[in-house]
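Heads up: the structure comes next, in structure tokens.
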Amino acid sequence: MTVTRFAPSPTGFLHIGGARTALFSYLYAKGRGGRFLLRIEDTDRERSTQAAVDAIFEGMAWLGLAGDNAQPIYQTQRFGRYAEVIQQMLDAGTAYHCYASKEELDALRAEQQARKEKPRYDGRWRPEPGRTLPAPPAGVKPVVRFRSPDEGQVVLKDLIKGEIVFDAVELDDLIIARSDGTPTYNFCVVVDDMDMGITHVIRGDDHVNNTPRQIQILQALGATPPAYAHVSMILGADGAKLSKRHGALGVTEYRAMGFMPEALLNYLVRLGWSHGDQELFTRQEMMDKFDFDHVSASPARFDMEKAYWVNHQYLKVTDPAIVAPEFDWHLRRIGVDPSGGPLLIAVIEQQRERCRTLVEMAEKSRFFFEELSGYNEKDAAKHLAAKAVPVLGALIEALNAADWQPEALHAAVHGVAEKLGLKLGDVAQPIRVAIAGMAVSPPIDQTLALLGRERSLGRLQAALRRAESAA
RNA sequence: GCUCCUAUCGUCUAGAGGCCUAGGACGGAGCCCUCUCAAGGCUUAAACCCGGGUUCGAAUCCCGGUAGGAGCGCCA
């Protein structure tokens with residue numbers, strides 16, 4: 001069975017690149033009837049916070065990417081297991097104690113860099129047959145290093161980047177346990193992936209250089225390495241790497257920008273992956289069609305314009321009942337209480353064609369739910385001027401007599417235009433400004449119907465007074 | 001510095017040696033439709049990083065440049 005995992009370290013929010021990696025892992029496993037697991041890599045106790053764990057879960061939940069393990073795995077809860085494996089390796093001779101101090105190592109690195117060499121551990125405490133190691137210095141707590149094979153090659157058959165060959169000579173003996181006994185990242189990952197039965201490791205390509213080491217450790221442990229897929233990163237619109245101080249946003253920020261979770265997912269899945277010319281995918285289609293043969297090895301820029309377009313496509317076809325809760329969330333977020341107004345579903349049906357985001361939809365729908373705070377002055381000057389007086393007067397009369405349904409309202413508005421010998425636009429625009437406060441709204445008959453008789457007529461009366469005073 | 005990765009329209013990409021006069025999508029431009037804004041329809045501009053090879057034939061394979069990027073921690 002295919003088993004994948006998403007293993008963030010809780011040092012910040014779930015950013016867009018992490019979300020895409022999680023999505024790929026989720027789709028790959030789910031599309032194959034496998035399992036998608038969650039693991040929290042919190043061995044760095046200094047930087048890991050509960051707040052970050054919560055933020056990551058919040059982001060995952062909003063995106064609907066739940067892990068199949070009811071309780072995610074926390075590395076800090078597995079220290080006993082890591083200690084056990086370390087001891088096992090020490091006993092087997094695939095790991096050894098190193099008493100070199102940090103200062104010593106720093107000096108070594110500096111020397112190597114001065115000689116323009118790649119910094120690496122020189123094996124000064126590495127046991128070799130026929131070699132006598134110095135006596136361990138008193139009072140120094142040793143670290144544990146992995147005894148990396150010093151000959152041959154490690155071949156990584158990456159599902160995205162193809163075959164990558166590393167010379168064992170390039171790989172030095174990395175520390176797997178610190179002097180305080182705590183295990184390090186590369187080691188924990190290996191043990192966890194092995195214990196969790198991970199078959200496919202899908203992660204950012206900044207880990208490519210870690211992979212040969214992880215494979216070596218796995219081999220030293222007698223385990224079969226999983227398959228790997230290294231996903232390229234996401235760049236900002238300017239082509240620069242996304243970072244906290246440069247444009248990196250948490251997925252919840254995309255919610256605040258008015259994205260639907262499924263739309264964000266769709267945009268993300270197409271960033272670096274393709275399935276012929278298809279742009280839009282349902283979640284089921286993503287699961288059925290996603291594969292690594294069509295994932296690009298090169299980094300991709302995040303294009304907000306296209307993301308908005310995808311979002312708009314979703315808004316247009318998603319069942320309004322599903323959009324409604326998110327819409328409600330956005331309305332309240334801008335201080336609008338939708339409870340006394342028209343049905344959200346009905347408003348969505350009228351607005352979704354003309355809004356790319358829910359933020360836009362909420363802003364453009366304010367007037368349905370709250371009293372007009374004033375007119376857009378430019379629009380009012382144009383459409384509620386003196387010449388609007390007879391138009392508004394006739395409209396009030398005609399609408400007052402109309403059955404408050406879209407068809408009847410449509411007929412009434414047309415009737416007024418005809419009677420006054422005006423084009424429909426000359427009649428519709430004053431109504432718009434009168435009831436929406438601005439010259440933009442859904443079709444006028446629909447807008448009137450949604451707003452309701454009392455509110456509509458009241459606003460038309462107010463507009464008439466305004467036009468009269470302008471005369 | 002060393003190791004590794006990457007390179008098709010502005011952006012995301014299709015492309016597995018001849019289907020390529022390089023396709024689609026976003027964005028741009030123009031036209032049509034129209035009660036506003038949209039949506040929709042049609043049309044259009046726009047790319048194979050450079051140089052060598054291999055081959056009858058290269059966007060596709062190889063080599064070398066160039067340009068980006070990642071990694072080289074008792075961080076993850």
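Every chain is numbered from 1 and lettered A, B, ... according to where its sequence line falls, protein lines coming before strand lines.
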Subject >> Toward the 5' end of RNA chain B, by each residue's nearest nucleotide, A:A7 or A:D277 >> reply: A:D277
Original post:
Looking across every strand, which nucleic acid part, if any, lies under 4.0 Å from A:K161 by heavy atom: base, sugar-phosphate, or nothing?
Top reply: sugar-phosphate
Original post:
So, is A:S274 close to the B:rA14 phosphate, meaning a side-chain N or O under 4.0 Å from OP1 or OP2?
Top reply: yes
Original post:
Applying a 3.5 Å limit to both distances, which nucleotide forms a Watson-Crick or G-U wobble pair with B:rC2?
Top reply: B:rG71
Original post:
A:F166 CZ to B:rC2 C1': how many Å, rounded?
Top reply: 14 Å
Original post:
Between A:F281, A:F259, A:F302, which is the residue that forms a ring pair (Phe, Tyr, Trp, His ring centres under 6.0 Å) with A:Y267?
Top reply: A:F302
**OP:** Could you tell me the separation between the CZ atom of A:F281 and the P atom of B:rU13, rounded to a whole number of Å?
**Re:** 13 Å
Subject >> G-U wobble or Watson-Crick pairing nucleotide for B:rC31 (cut-off 3.5 Å, both distances) >> reply: B:rG41
**OP:** May I ask you to say what A:G272 touches in the nucleic acid, namely base, sugar-phosphate or nothing, with a heavy-atom cut-off under 4.0 Å?
**Re:** sugar-phosphate
Subject >> Residues A:D195 and A:R78 bridged, charged N to O under 4.0 Å >> reply: yes
**OP:** Looking only at non-hydrogen atoms, find the nearest pair between A:P443 and A:Q350 and report the distance.
**Re:** CD-OE1, 4.0 Å
**OP:** Find the distance A:E104:CD to B:rG73:C1' and express it as a whole number of Å.
**Re:** 16 Å
**OP:** For A:E163 and B:rC61, give me the distance from atom CD to atom C1', rounded to whole Å.
**Re:** 16 Å
Original post:
Separation of A:D293 atom CG from B:rU13 atom P, in whole Å?
Top reply: 16 Å
Original post:
Between atom CZ in A:R301 and atom P in B:rU8, what is the gap in whole Å?
Top reply: 10 Å
Subject >> Pairs touching residues 309-320 of chain A that satisfy side-chain hydrogen bond (donor to acceptor under 3.5 Å, both in side chains), sequence neighbours left out >> reply: A:N266-A:Y314
Donor-acceptor pairs under 3.5 angstrom involving side-chain atoms of residues 208-215 of chain A: please list them, not counting sequence neighbours.
| unit_1 | atom_1 | unit_2 | atom_2 | d |
| --- | --- | --- | --- | --- |
| A:N210 | ND2 | A:H207 | ND1 | 3.3 |
| A:T211 | OG1 | A:R203 | NH1 | 3.1 |
| A:T211 | OG1 | A:H207 | O | 3.0 |
| A:T211 | OG1 | A:V208 | O | 3.3 |
| A:T211 | OG1 | A:H230 | NE2 | 3.1 |
| A:R213 | NH2 | A:D172 | OD1 | 2.4 |
| A:Q214 | OE1 | A:R203 | NH2 | 2.7 |

Original post:
What residues, two or more places apart in sequence or in another chain, satisfy ring-ring contact (aromatic ring centres under 6.0 Å, His included) together with A:H414?
Top reply: A:H410
Subject >> Residue pairs fulfilling salt bridge (charged side-chain N to carboxylate O under 4.0 Å, His left out) with at least one residue in residues 179-190 of chain A, sequence neighbours excluded >> reply: none
Please list, pair by pair, any protein nitrogen or oxygen found under 3.5 Å from a nitrogen or oxygen in nucleotides 65-72 of chain B.
| unit_1 | atom_1 | unit_2 | atom_2 | d |
| --- | --- | --- | --- | --- |
| B:rC72 | O2' | A:P119 | O | 2.7 |

**OP:** Kindly state which residues belonging to residues 185-196 of chain A come within less than 4.0 angstrom of RNA chain B, counting heavy atoms of the residue only, listed by number.
**Re:** A:Y185, A:N186
Original post:
Whole Å only: how far is the CG atom of A:N266 from the P atom of B:rA25?
Top reply: 16 Å
Subject >> Summary of salt bridge (charged side-chain N to carboxylate O under 4.0 Å, His left out) pairs that have at least one residue in residues 405-414 of chain A, sequence neighbours excluded >> reply: none
Original post:
Which pairs count as salt bridge (charged side-chain N to carboxylate O under 4.0 Å, His left out) when at least one residue sits in residues 415-424 of chain A, sequence neighbours excluded?
Top reply: none
Original post:
Between A:Q278 and A:W273, who's closer to the 5' end of RNA chain B by nearest nucleotide?
Top reply: A:W273
**OP:** Could you list all the salt bridge (charged side-chain N to carboxylate O under 4.0 Å, His left out) pairs where at least one residue sits in residues 269-278 of chain A, not counting sequence neighbours?
**Re:** A:R270-A:E279
Original post:
For A:H97, which residues count as a ring-ring contact (aromatic ring centres under 6.0 Å, His included) partner, sequence neighbours excluded?
Top reply: none
**OP:** Applying ring-ring contact (aromatic ring centres under 6.0 Å, His included), name anything that partners A:F290, two or more places apart in sequence or on another chain.
**Re:** A:F24, A:W273, A:F292
Subject >> Contact pattern, 5' to 3', of nucleotides 36-49 of chain B - B, S or - by protein heavy atom under 4.0 Å >> reply: BBBSS---------
Original post:
For the base of B:rC74, is there a side-chain donor-acceptor partner from A:S179 under 3.5 Å away?
Top reply: yes
Original post:
For A:T43, which contact category applies under a 4.0 Å heavy-atom criterion: base, sugar-phosphate, or nothing?
Top reply: sugar-phosphate
Subject >> Atom pair distance, as rounded to whole Å: OH in A:Y308 and C1' in B:rU11 >> reply: 16 Å
